[in-house]
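Hydrogens, waters and symmetry mates are skipped; everything else that's a heavy atom, side chains included, is used.
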Amino acid sequence: MEGDSMKEKLNQYKHVLLLLYFPVYLTIFRYLEENVPKKFHIISSPLDQYIPFVAIFIVPYLLWFLYMAVAGIYLLFFEKECFCRMMYFGMIGMSIFLLVSWLYPNGLNLRPTVFAEDNIFVRLTQYVYSVDTATNVLPSIHVFNSVGVCIAIRDSERLGKNRVIQAGSTVATVLIILSTMFVKQHSVVDVMAGLVLSAVAWELVYGGRAAKLYENILCTAKYRKKRRSIARRVE
């Protein structure tokens, strides 16, 4: 009985194992950050020069971490299936991000070196600059994961019915996306790439495309196996 009970509990919380992706992701990301080639591609857009540096946007930029954590912890404990879909979404995008960073080393040249003011927002921005390099920025994971959380909240059986939470999530996501450009952490190119990648991940996870591809591959494999079996009988 105890063995069955333990097995049942393990099955109930096996979705927690998806969190093991983060140590792997962070390890690879750190390696790529520390081994950026001397010559890398500068990401830029003509639109970047029209976007001013606005220090107060460092607030929503940093709130991204809280936004991710609160939504993730809630879904982890209360909505397992929704949590799994959110994780699959994130794992697709972050894995593609690592692949792009490896095959197409990139960076920015947008950060201001002189600031017109000296306040808490500027100092927070300077701190972010000091701990986060201006390399490996395409596509923007800030943008991608913000969209992922917003989608997960709408996908949630409980949270999706709460209009206040939905509205708050949408506003938070928009502010975070804007913040990446206003604090010069990302180019318009990074942001657009993050949004496109979000659309791809959504189609795979929530649109059912991944399941259909898997079924097609499985069916094709079974068909080939069946044909080989028939061919052997004929021989």
Side-chain angles (χ1 to χ4, degrees), residues 1-30 57-98 124 128 131-132 139-180 185 194-195 197-215:
M1 291 293 290
E2 289 183 7
D4 291 341
S5 178
M6 181 62 71
K7 188 176 180 180
E8 189 176 318
K9 286 183 178 180
L10 288 173
N11 286 331
Q12 187 178 355
Y13 292 101
K14 64 182 179 181
H15 63 289
V16 177
L17 293 174
L18 290 172
L19 294 175
L20 293 175
Y21 175 81
F22 288 111
V24 176
Y25 167 81
L26 291 172
T27 300
I28 298 173
F29 176 71
R30 180 52 54 193
F57 270 94
I58 195 64
V59 175
Y61 184 85
L62 291 175
L63 282 176
W64 175 80
F65 296 96
L66 183 63
Y67 184 47
M68 292 283 297
V70 171
I73 291 170
Y74 172 81
L75 295 175
L76 173 68
F77 288 105
F78 298 106
E79 295 194 45
K80 179 173 65 175
E81 292 182 2
C82 187
F83 171 80
C84 290
R85 286 191 289 272
M86 183 181 74
M87 284 297 299
Y88 297 147
F89 181 98
M91 290 162 70
I92 289 170
M94 289 188 285
S95 297
I96 291 175
F97 164 76
L98 292 175
L124 281 172
V128 169
V131 298
D132 186 17
S140 170
I141 290 301
H142 244 68
V143 170
F144 175 80
N145 279 340
S146 296
V147 173
V149 170
C150 190
I151 292 172
I153 288 173
R154 291 179 178 275
D155 180 51
S156 165
E157 188 175 337
R158 298 177 185 176
L159 303 181
K161 296 176 182 178
N162 190 312
R163 292 184 179 180
V164 174
I165 291 177
Q166 276 197 45
S169 172
T170 301
V171 170
T173 299
V174 171
L175 287 175
I176 289 169
I177 291 172
L178 292 175
S179 76
T180 64
Q185 280 288 87
L195 293 174
L197 184 55
S198 300
V200 172
W202 181 89
E203 182 62 30
L204 289 171
V205 177
Y206 296 94
R209 187 71 62 182
K212 290 175 183 176
L213 287 171
Y214 176 75
E215 287 176 5

[X] versus [Y]: any side-chain heavy-atom pair under 4.5 Å?
X	Y	answer
M94	F22	yes
L63	I176	no
M91	L18	yes
I153	Y74	no
V147	I177	yes
F78	E157	no

Taking every non-hydrogen atom, the tightest pair across [X] and [Y]:
X	Y	value
T27	P23	OG1-O, 2.7 Å
L159	Q166	O-CG, 4.0 Å
Y21	S95	OH-OG, 2.8 Å
S179	P60	CB-CG, 3.9 Å
G148	M86	O-CG, 4.3 Å
S140	T180	OG-CG2, 4.3 Å

Applying side-chain contact (heavy atoms from CB on, under 4.5 Å), run through V205 and I151 and close with a yes or a no. CA-CA 11 Å; V205 177; I151 292 172; over 6 Å; no
Do F89 and F144 have their ring centres less than 6.0 Å from each other?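 Yes, close enough.
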Test your reading of the model: is there a side-chain donor-acceptor pair from S169 to the backbone of I165, 3.5 Å cut-off?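 No, because the side chain of S169 does not come within donor-acceptor range (under 3.5 Å) of the backbone of I165.
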H15 side chain vs E81 backbone, donor-acceptor pair below 3.5 Å: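 Judged by distance alone, no pair lies under 3.5 Å.
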Out of curiosity, L17 CG to C84 SG, how far, rounded to the nearest 0.5 Å?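 Answer for the CG-SG pair, L17 versus C84, is 10.0 Å.
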Nearest 0.5 angstrom please: C150 SG to N145 CG, how far?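 Result: 12.5 Å between the selected atoms.
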Those residues that, when tested against L124, pass side-chain contact (heavy atoms from CB on, under 4.5 Å) (two or more places apart):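 Here the qualifying residues are I58, L62, I120.
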Mind checking side chain to side chain donor-acceptor pair (under 3.5 Å) for S156 and listing every partner two or more places apart, or none if nothing turns up?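 Testing S156 for side chain to side chain donor-acceptor pair (under 3.5 Å), a comparison that skips the adjacent residues, returns E79.
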Side chain to side chain donor-acceptor pair (under 3.5 Å) partners of T173, counting only residues at least two apart: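 Result, side chain to side chain donor-acceptor pair (under 3.5 Å) vs T173: Y67.
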In terms of ring plane angle, is the pair Y25 and F97 parallel, tilted or perpendicular, where the classes change at 30° and 60°?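 Answer is tilted, since the angle falls between 30° and 60°.
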Report, as yes or no, whether the 6.0 Å neighbourhood of atom OH on Y88 holds more than 12 heavy atoms from other residues, nucleotides or ligands.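 Result for OH/Y88: open.
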Could you check whether R154 and T170, counting side-chain N and O atoms only, form a donor-acceptor pair closer than 3.5 Å?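 Short answer, yes.
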I'd like to know whether F57 forms a side-chain contact (heavy atoms from CB on, under 4.5 Å) with L175, so could you lay out the CA-CA distance, the side-chain angles of the two residues, the decisive distance to 0.1 Å, and finally the verdict. CA-CA 8 Å; F57 270 94; L175 287 175; 4.3 Å; yes
